Amino acid sequence: MMLVLAAFTKLKTPKTHEYIGASSTWMALLLTMGTGIFLVGLCMLPSVMGFSLVSIGLVLMIFLLRKLLSKGSLTFRRGMPAILATRGLFFAAYTSIQLNR
């Protein structure tokens with residue numbers, strides 16, 4: 001432990017997250033609504049209404065995820081953003097496997 005302590009103190013981490021304050025609660029609620037719109041659109045997919053709801057939900061979700069997650073999470077930037085994105089993918093894979101049983 002003591003041998004690597006000097007190396008760890010010299011590491012510099014880039015600022016990857018900005019404080020967004022109380023508006024994060026509203027953004028999380030809008031993200032939930034966007035996810036709901038996306039899922040309703042998937043159920044109606046062969047129709048034109050389904051395609052429009054899926055596209056509206058995706059745009060809303062991507063815009064809000066970029067605001068809520070740390071910078072670089074959607075592009076798998078090295079470090080904590082890649083860890084957050086990987087954990088999200090693992091959770092999505094686990095959930096989809098459990099739903100298809």
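What you see is a predicted model; the values in this text were computed from it and never measured.
Once rounded to the nearest 0.5 Å, the distance linking CD1 of I62 with NZ of K67 reads 14.5 Å. Of the inter-residue distances, the one linking L65 atom CG with L60 atom CG reads 9.5 Å to the nearest 0.5 angstrom. Taking OH from Y94 and CD1 from I97, the interatomic distance works out to 9.0 Å, rounded to the nearest 0.5 Å.
Side chains of L29 and W26 form a contact here, defined as non-hydrogen atoms less than 4.5 Å apart.
Under the 4.5 Å side-chain heavy-atom criterion for Ile, Leu, Val, Met, Phe, Trp and Tyr, L39 and L30 are members of the same hydrophobic cluster. Under the 4.5 Å side-chain heavy-atom criterion for grouping Ile, Leu, Val, Met, Phe, Trp and Tyr, M61 is connected to L42 within one hydrophobic cluster. Residues L58 and L45 share a single hydrophobic cluster, defined by chaining ILVMFWY side chains whose heavy atoms lie under 4.5 Å apart.
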What side-chain donor-acceptor pairs closer than 3.5 Å can you find for residues 82-93, not counting sequence neighbours?
residue	atom	partner	partner atom	Å
T86	OG1	A82	O	2.7

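Hydrophobic cluster membership of I56, counting Ile, Leu, Val, Met, Phe, Trp and Tyr whose side-chain heavy atoms lie under 4.5 Å apart directly or via other members: I37, V40, M44, M49, L53.
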